[in-house]
Amino acid sequence: MKTIVLGAGVIGVATAYYLSERGCDVTVIEREPGVALGTSFGNAGVIAPGYVTPWAAPGMPAKLLKYLLKPTSPLIFRPALDAAQWRWIARWLRECDLARFRVNKQRMQRIAYYSRECLHAFRAQHAFEYGRSQGYLQLFRSDYDVELAQPALNVLRDAGIAYRELDADACAQIEPGLAWSRVKPVAGIYLPDDEAGDCARFTRELRAVCEARGVKFVFDTEVLALESAGGKVTGVRVRAVPGREARNRREQRRAPAEVLRPADLAEPAADTSPHTLAADAVVVALGVESAALVAPLGVRVPLYPVKGYSATLPVVDEHKAPRAALMDESLKTAITRFGPYLRVAGTAELGNHRTTLREQALQTLMKVLDDWFPHAATPSSAQFWVGRRPMVPDGAPLLGASGVDGLWMNVGHGSTGWAMSMGSGRVVADLVTQHRPDIDLDGLTLARYRR
Ligand SMILES: Cc1cc2nc3c(=O)[nH]c(=O)nc-3n(C[C@H](O)[C@H](O)[C@H](O)COP(=O)(O)OP(=O)(O)OC[C@H]3O[C@@H](n4cnc5c(N)ncnc54)[C@H](O)[C@@H]3O)c2cc1C
């Protein structure tokens with residue numbers, strides 16, 4: 001079966017891998033000159049199925065209002081004259097009650113746990129280094145934040161997920177670098193089975209595995225539209241991005257310190273006239289840009305981009321640095337260790353579609369690092385990045401059938417796409433090739449918006 005995967009972020013490349021495993025002839029189309037140069041590039045790297053939580057949660061609206069008034073805040077909101085933004089917010093507010101929260105969290109955990117299982121099975125076959133670490137520590141700065149975490153803790157308890165509640169000393173036993181912190185946590189939660197790793201580095205290695213199996217990657221190529229006939233998608237209209245423009249985009253991006261090998265990037269394409277690539281099946285994995293592509297075919301996806309930021313710094317003092325992944329629950333900012341580097345990532349900025357860096361967000365990242373690990377890295381060495389999370393209001397991704405023949409979705413992974421990538425890729429590849437997925441997909445497809 002000839003399949004085309006649109007988008008070479010972690011979701012698209014994972015889908016391509018499992019489609020090739022199912023014997024498909026796979027081509028991946030990507031606008032950038034390599035894989036994982038969009039939202040998958042500089043994320044926090046956390047794979048914490050026990051922690052995956054919808055942002056729509058009880059108490060969140062009040063907490064967000066409080067944040068909006070603070071100078072150091074993980075939330076930035078720019079109200080816009082954009083009906084899609086207000087529709088998204090209204091839907092999000094409806095999902096904040098306890099019953100909806102529990103349903104949404106369980107759906108997200110179902111795919112996230114399955115994804116971790118797929119990742120471990122994959123790793124057993126393909127051993128490569130991607131800055132992996134084990135364990136995940138949540139830090140709370142106030143009793144109010146501990147109280148807000150209770151519904152999530154109840155879900156963990158009910159699901160039998162291993163976790164430990166900690167005091168400040170116990171937090172420092174798990175992360176000895178916290179002994180030098182400027183603030184003390186009032187409490188912590190430790191999830192020993194969760195893990196972290198560099199998503200972009202993993203995706204680049206996964207690309208190599210895909211290519212060895214015959215998957216074709218077409219870079220510097222923009223997807224313009226889907227082609228359909230008789231109610232079935234038959235192909236994709238594409239155009240090569242003029243080489244210079246693609247290069248300029250990459251140079252403008254302030255890349256994390258970790259280097260891209262020349263082999264990770266493609267040579268610019270030459271012919272820039274639009275043309276059609278035919279396919280039996282097309283999988284949409286364009287991250288935040290997926291909704292606009294499928295809308296002309298009547299497929300409505302409530303996706304909204306929520307910007308986030310990260311800073312990547314080389315570690316200068318091993319003893320005073322984090323060992324694995326942590327989350328400052330009060331400022332919703334993660335600090336993750338990737339080998340010789342650490343990354344601080346967070347902030348939710350709603351209402352701004354442009355990928356420009358915002359000073360206020362960068363200051364919050366650096367404050368969080370300075371509060372917890374003031375001696376781990378040199379602030380002036382920070383390399384900043386901004387990405388756009390493909391968020392749906394209720395949290396769980398949209399996998400599988402689009403409602404149009406031959407068109408499949410793998411979108412809406414929001415703030416936990418890396419954690420859900422391998423499982424989502426496998427489920428979608430199973431559906432495309434008419435195999436029964438290993439997990440129940442109730443609530444993980446577009447059908448949940450049609451009820
Ligand atoms: C600050 C931050 C921290 C995060 N931390 C975590 C974390 O700790 N754990 C976790 O699991 N997740 C995390 N995430 C979320 C995670 O990064 C995303 O969910 C994930 O990267 C989404 O992957 P994707 O493949 O869907 O999108 P992308 O990586 O954006 O891939 C989509 C690709 O489609 C391409 N594309 C788009 N339009 C076109 C077009 N018209 N033609 C051709 N190509 C096109 C883009 O160039 C891009 O490469 C974080 C996100 C942010 C912003």
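These numbers were taken from a predicted model, which means no experiment stands behind them. We use all heavy atoms of the structure for the numbers below, so side chains are in, but hydrogens, waters and symmetry mates are not. In each ligand, atom 1 is the first atom listed, and ligand 1 is the first ligand listed. Along the sequence shown, residues are numbered consecutively beginning with 1.
- Taking every non-hydrogen atom of G45 and a distance limit under 4.0 Å, the qualifying atoms of ligand 1 come out as 7 (C), 8 (O).
- In this structure, R91 satisfies the cation-pi test against Y449, with its NZ or CZ atom closer than 6.0 Å to the six-membered ring centre and inside 45 degrees of the ring normal.
- Residue contact check for ligand 1: A334 places no non-hydrogen atom closer than 4.0 Å to it.
- Ring geometry, Y17 versus F122: the interplanar angle exceeds 60°, so the pair is classed perpendicular (tilted spans 30 to 60°).
- Proximity of the aromatic rings of Y163 and Y190 is defined here by a centroid distance below 6.0 angstrom, and this criterion is not met.
- In summary, the atoms of ligand 1 found under 4.0 Å from a heavy atom of A44, numbered by their order in the structure, are 3 (C), 4 (C), 5 (N), 6 (C), 8 (O).
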E211 vs R207, salt bridge (charged side-chain N to carboxylate O under 4.0 Å, His left out): CA-CA, chis, key distance, verdict
CA-CA 6 Å; E211 282 181 321; R207 167 192 169 183; 3.4 Å; yes
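- For atom 18 (C) of ligand 1, the nearest non-hydrogen atom from the set G414, S424, G287, A419 belongs to G414.
- Side-chain rings of W418 and F202 approach one another, their centers coming within less than 6.0 Å.
- In terms of protein heavy-atom proximity, atom 41 (N) of ligand 1 is nearest to V223 O, 3.2 Å.
- Every atom of ligand 1 with a heavy atom of Y309 under 4.0 Å away is listed here by number and element: 1 (C).
- Side-chain atoms of D438 and Y114 include a donor-acceptor pair closer than 3.5 Å.
- Within the set T221, T39, V241, the minimum heavy-atom distance to atom 28 (P) of ligand 1 is found for T39.
- Among protein heavy atoms, atom 7 (C) of ligand 1 sits closest to V46 N, 3.6 Å.
- In the model, Q360 has no side-chain atom that pairs as donor or acceptor with a side-chain atom of Y309 under 3.5 Å.
- In this comparison of G7, G34, S415, the heavy atom closest to atom 12 (N) of ligand 1 sits on S415.
- Ring orientation note: the planes of F128 and Y130 are nearly perpendicular, at an angle over 60° on the 30°/60° scale.
- Close approach of ligand 1 to V10 is summarised as follows: ligand atoms under 4.0 Å from at least one heavy atom of the residue are 23 (O), 25 (O).
- Under the salt bridge (charged side-chain N to carboxylate O under 4.0 Å, His left out) criterion, no residue pair touches residues 34-43, with sequence neighbours excluded.
- Judged by the shortest distance from any of its heavy atoms, L37 lies outside the 4.0 Å radius around the atoms of ligand 1.
- Surrounding NZ of K232 are more than 12 heavy atoms belonging to other residues, nucleotides or ligands, all under 6.0 Å away.
- At a heavy-atom cutoff of 4.0 Å, ligand 1 is contacted by both the backbone and the side chain of S40.
- Proximity of F41 to ligand 1, defined as any heavy-atom pair under 4.0 Å, is not found for any part of the residue.
- Nearest-residue assignment for atom 47 (O) of ligand 1 (options R343, E30, R31; heavy-atom criterion): E30.
- N43 CB, 3.3 Å is the protein heavy atom nearest to atom 50 (C) of ligand 1.
- For atom 45 (C) of ligand 1, the closest non-hydrogen atom of the protein is L286 CD2, 3.4 Å.
- Under a 4.0 Å criterion applied to the non-hydrogen atoms of E32, ligand 1 contributes the atoms 47 (O).
- In terms of polar-atom proximity, defined here as any N/O pair under 3.5 Å, G417 does make such a contact with ligand 1.
- The shortest contact between atom 24 (P) of ligand 1 and any protein heavy atom is with I11 CG1, 3.6 Å.
- With sequence neighbours left out, the ring pair (Phe, Tyr, Trp, His ring centres under 6.0 Å) criterion links Y18 to no other residue.
- Of the N or O atoms in W418, one or more lie within a sub-3.5 Å distance of an N or O in ligand 1.
- Of the protein's non-hydrogen atoms, the one nearest atom 31 (O) of ligand 1 is G9 CA, 3.3 Å.
- Looking at A285, G38, G197, it is A285 that brings a heavy atom closest to atom 32 (C) of ligand 1.
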